[in-house]
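All heavy atoms count here, side chains included; hydrogens, waters and symmetry mates do not.
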Amino acid sequence: MINRLILNANMICKSSGFKPQKCAVEKVIEVSDSEFKKFIENPMKRNYYLPQYKDLMGYYDDSYHGVMLYNKT
């Protein structure tokens, strides 16, 4: 099996309930503190990081696949 972080997350916006779904993190990207704060404050706004990894994101093999942005601070 490929080494990757697998999370269970609710991927439905404004859901009336909570049913975790399998989510595979295909790539982990460290971003600056200011970029991370911008993303957290407005996650639906287009940003520099995600479009270049759109081929890694989607729903297949019975799980969601995507990238994870993080900041060490």
Side-chain angles (χ1 to χ4, degrees):
M1 179 171 166
I2 299 173
N3 289 333
R4 59 183 138 152
L5 178 63
I6 305 293
L7 301 173
N8 288 322
N10 188 359
M11 304 298 283
I12 300 171
C13 182
K14 297 183 181 181
S15 177
S16 61
F18 181 74
K19 183 180 177 191
Q21 301 291 321
K22 190 180 290 184
C23 181
V25 176
E26 300 294 340
K27 183 159 185 73
V28 178
I29 304 164
E30 182 180 5
V31 297
S32 69
D33 189 46
S34 62
E35 286 296 320
F36 190 75
K37 285 179 182 176
K38 276 193 247 180
F39 183 76
I40 294 300
E41 289 169 0
N42 198 349
M44 302 306 281
K45 185 176 181 182
R46 283 186 147 298
N47 62 63
Y48 167 78
Y49 300 98
L50 297 182
Q52 61 187 319
Y53 300 109
K54 68 180 181 180
D55 59 324
L56 297 177
M57 297 183 278
Y59 184 82
Y60 51 91
D61 298 333
D62 294 323
S63 64
Y64 291 94
H65 296 257
V67 298
M68 177 186 285
L69 298 181
Y70 80 98
N71 178 266
K72 284 186 177 179
T73 58

Among all residues two or more places apart in sequence or in another chain, which pass the salt bridge (charged side-chain N to carboxylate O under 4.0 Å, His left out) test with Glu30?
-> none

By salt bridge (charged side-chain N to carboxylate O under 4.0 Å, His left out) - contacts of Lys27 (at least two apart) = none

Should Glu26 and His65 count as side-chain neighbours, where that means a heavy-atom distance under 4.5 Å?
-> yes

Val67 vs Val25 side-chain heavy atoms within contact, under 4.5 Å | no

Could you list all the salt bridge (Lys or Arg N to Asp or Glu O under 4.0 Å) pairs where at least one residue sits in residues 34-48, not counting sequence neighbours?
-> Asp33-Lys37, Glu35-Lys38

Pairs in or reaching into residues 50-63: which pass salt bridge (Lys or Arg N to Asp or Glu O under 4.0 Å), with residues at least two apart or in two chains?
-> none

Residues passing the ring-ring contact (aromatic ring centres under 6.0 Å, His included) test with Tyr59, sequence neighbours excluded, are Tyr64

Verdict with reasoning, Phe39 to Val31, per side-chain contact (heavy atoms from CB on, under 4.5 Å) = CA-CA 10 Å; Phe39 183 76; Val31 297; over 6 Å; no

Separation of Ile29 CD1 from Asn71 CG (nearest 0.5 Å) | 13.0 Å

